[in-house]
> 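The structure follows.
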Amino acid sequence: MTADERDKRQAIIDACRRMNALGINQGTSGNISLRHEDGLLVTPTSVPYDAMTPDQIVYMAMDGSHATSQKPSSEWRFHRDILKSRDDVNAVVHAHPTYCTILAIMGMDIPPVHYMIAAAGGDSIRCAPYATFGTAELSDHAVRALEGRLACLLDHHGMIAVGRSLDKAMWLAVEVETLARQYHGCLQIGKPPLLSSDEIERVRQRMAGYGMSDG
Ligand code: 13P
């Protein structure tokens with residue numbers, strides 16, 4: 001194993017632990033992948049992050065094949081399909097953050113309530129329709145909801161954030177949960193006024209020069 005691969009495996013484990021320490025995930029309900037060579041490195045299924053070791057991270061080819069002794073995340077399909085269909089993406093973070101999941105249970109998109117939504121690539125964060133976890137159907141819904149975007153919600157499930165790097169995807173995952181929390185808070189008061197699509201596009205262009213966006 002090269003030093004680069006070892007570093008990537010460790011970075012995935014560190015990010016998993018950070019996800020739980022930050023409170024954006026619980027238990028082993030999240031999973032993370034990182035592009036590597038012609039395939040991806042993805043977390044194993046149902047291994048507690050504190051016990052996860054670099055050799056347990058699964059290398060998967062883009063056709064879904066992997067060492068038979070290993071068990072990839074039950075959500076390997078959407079990790080593989082997102083990385084396969086998006087050459088602007090190298091890292092995929094999936095978690096069940098509480099406020100994202102509350103909105104996702106309600107089947108709600110996040111509208112432009114705050115200019116930071118532009119960091120997710122556009123004027124909304126879409127909620128992908130429900131499908132059973134681990135299915136090709138869920139993966140198709142996720143890829144579609146991520147079109148032109150770097151994050152989406154998954155109905156009755158959670159959230160996906162992607163990025164050019166794992167650090168950027170993790171940063172965005174935290175930001176999306178913040179936006180979900182802000183939107184949820186606004187809804188307690190009433191119907192929040194929204195920013196226009198033109199304004200979000202202006203912000204997006206400004207962010208490109210500021211280092212906040214991935215675009
Ligand atoms: P793992 O299979 O990666 O442990 O994850 C469960 C999950 O997030 C289902 O959505």
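We count ligands from 1, going down the list as the structure has it; atoms in each ligand are counted the same way.
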> Which protein residues have a heavy atom closer than 4.0 Å to any atom of ligand 1, listed by chain and number?
Thr28, Ser29, Gly30, Asn31, Thr45, Ser46, Ser73, Ser74, Glu75, His94, His96, Phe133, His157

> Any salt bridge linking Arg144 with Glu147? Criterion: basic side-chain nitrogen under 4.0 Å from a carboxylate oxygen.
no

> Distance only, no hydrogens: is a donor on one side chain within 3.5 Å (strictly under) of an acceptor on the other, for Ser85 and Asp81?
no

> What verdict does the ring pair (Phe, Tyr, Trp, His ring centres under 6.0 Å) test give for His94 and Phe78, after you've listed the backbone C-alpha separation in whole Å, the side-chain angles of each residue and the deciding distance to 0.1 Å?
CA-CA 10 Å; His94 167 55; Phe78 69 59; 5.2 Å; yes

> Residues in side chain to side chain contact (heavy atoms under 4.5 Å, CB included) with Ser69, at least two apart?
Ala67

> Is Val162 linked to Val176 within one hydrophobic cluster, defined over Ile, Leu, Val, Met, Phe, Trp and Tyr using a side-chain heavy-atom separation of less than 4.5 Å?
yes

> Would you mind checking if Asp140 and Arg77 are paired as a salt bridge, meaning a charged N to carboxylate O distance below 4.0 Å?
no

